[in-house]
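Report on the following structure.
Ligands are counted one by one from 1 in listed order, and the atoms in each one are counted from 1 as well.
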Amino acid sequence: MRLYLIGAGVIARTHASAASRLDEEVELHVADLSASALDAFMSEHPRATPHGSAEEMLAETPARDDDVVIVATPPAAHRAPALAALRSGRNVLCEKPFAMNSAEAEEIVHAAERSGRLLGVCSTRFRGLPHTQAVKSVLASGVLGEVYAMSFVTRWARSRAGIEYQPQSRWFLDSSRSGGGVLMDWGPYDVSTLFDLLDPVRIEVRDAWVARPITGADPVDAVFDVETDTGAALRVTRADGTVLPVSFGRATGTHGTERAHAELFGTRGSVHWTPFDSHKPVFLRSDAGGVIEEREVEAPPRSEVTILERPLVAFVDALRGRPSAAVLGAAALAEFRVLRAIYRAARTGVVQTIEVPR
Ligand SMILES: NC(=O)c1ccc[n+]([C@@H]2O[C@H](COP(=O)([O-])OP(=O)(O)OC[C@H]3O[C@@H](n4cnc5c(N)ncnc54)[C@H](O)[C@@H]3O)[C@@H](O)[C@H]2O)c1
């Protein structure tokens, strides 16, 4: 198959490495407007064919049914290349967040539907990890009794993209280029994981906030107008009709204490784990004759495919008709709408409701 990368930056290199995980020959093309980014990419992946622009790359030869284009540019440069790639007749896998706002996301998903090509998003990166599967099996077993609440929190004190993480990519800090802060950067993984765990048909954002705590390391030479700490009270209606309040939190910059903890509370037990870290165990807590009992839940084995490589592998599985963790089309749009609903709820104080198509 042919793989076309638009953007030759940090994440594009991981997609190029992911190509070696596919059980087929891959012809690799890459386009970037920056000659130095292309040079750096080519020194790591010398077999790729470099192009000075996405337009030139896509126009070079007619599309084939299984061509895959990965849009790996900053978010403000997702829409145009994604639409151009679909128009050229190719399948598109778009980096997260896949759009700047819901209108753009709808436009891209509808363009994919009209083109008959596959559209996937990279929010799938942490989906279906072994520890998430272990939690799902606990949930499905009924051992928790009636599940009545959930907490899902990952807060790091100093891990801001564009400052402590990847400081050369200042665009992360500028909402006109990134679409937002930690909610657009890490939120896609949070929401995708919640969808994976809970199988929702409706999500209400009942209350939300976004904040940008001030530090001595804040850049003075760049636009920095995005949130680095956020939280929301969600109300999730699951496909089985049950309703679950979820307390959600996420930070890459906070004066609060660091915490990475998820927990589902039931009348007969609880299960707790560390989101996004499948090296850490999952624990089941229950009661044995009035005494608290805690035991580790066995998780399936970890895969050789790294987190960063997973989106391409899942997308090609979907393209080839194999079972896949890919997040595609309407599902991608529903996930994205939840993120924007959190911003709207924070801004307006009005409850936001997102219906999730089946
Ligand atoms: N860096 C990470 O760890 C990481 C992880 C997961 C997802 N992502 C996502 O991947 C995307 C890219 O992030 P990154 O870290 O690779 O950024 P980056 O700053 O390292 O690279 C972006 C590249 O895109 C190029 N570019 C910009 N506009 C272009 C256009 N119109 N056509 C062609 N090239 C263009 C830039 O010249 C630059 O080389 C973002 O959506 C980000 O959220 C990044």
Heavy-atom contacts with [X] under 4.0 Å: which atoms of ligand 1 show up? List them by number with element.
X    : value
Y189 : 6 (C), 7 (C)
S34  : 37 (O)
A72  : 12 (C)
A37  : 39 (O)

Option nearest atom 6 (C) of ligand 1 (shortest heavy-atom distance, choices H51, R177, R125, R13):
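That would be R125.
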Among V71, L33, I70, which one has a heavy atom closest to atom 31 (N) of ligand 1?
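Shortest heavy-atom distance from atom 31 (N) of ligand 1: L33.
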State which residue, out of E355, E104, E106, fulfils the salt bridge (charged side-chain N to carboxylate O under 4.0 Å, His left out) condition with R337.
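When salt bridge (charged side-chain N to carboxylate O under 4.0 Å, His left out) is applied between R337 and each of E355, E104, E106, only E106 qualifies.
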Is the ring pair F248/F152 parallel, tilted or perpendicular, if the boundaries are 30 and 60 degrees?
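The arrangement is parallel - the two ring planes meet at less than 30°.
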Within the 3.5 Å criterion, strictly below it, is a donor on S192 or R125 matched to an acceptor on the partner's side chain?
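No pair is found: no donor N or O on one side chain lies under 3.5 Å from an acceptor on the other.
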Contact check, side chains of V147 and L244, non-hydrogen atoms, under 4.5 Å:
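The answer is yes; the side chains approach within 4.5 Å.
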Do R250's NZ or CZ and the ring of F276 fall within the cation-pi criteria of under 6.0 Å and 45°?
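That pair qualifies as a cation-pi contact.
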How does K96 reach ligand 1, by side chain, by backbone, by both or by neither, if only non-hydrogen atoms under 4.0 Å count?
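Looking at K96 and ligand 1, atoms from backbone and side chain both fall under 4.0 Å.
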Got an N/O contact under 3.5 Å between W171 and ligand 1?
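The answer is yes, given that W171 and ligand 1 share an N or O pair closer than 3.5 Å.
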Would you call R170 and D221 a salt bridge, taking side-chain N to carboxylate O under 4.0 Å as the test?
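A salt bridge links R170 with D221.
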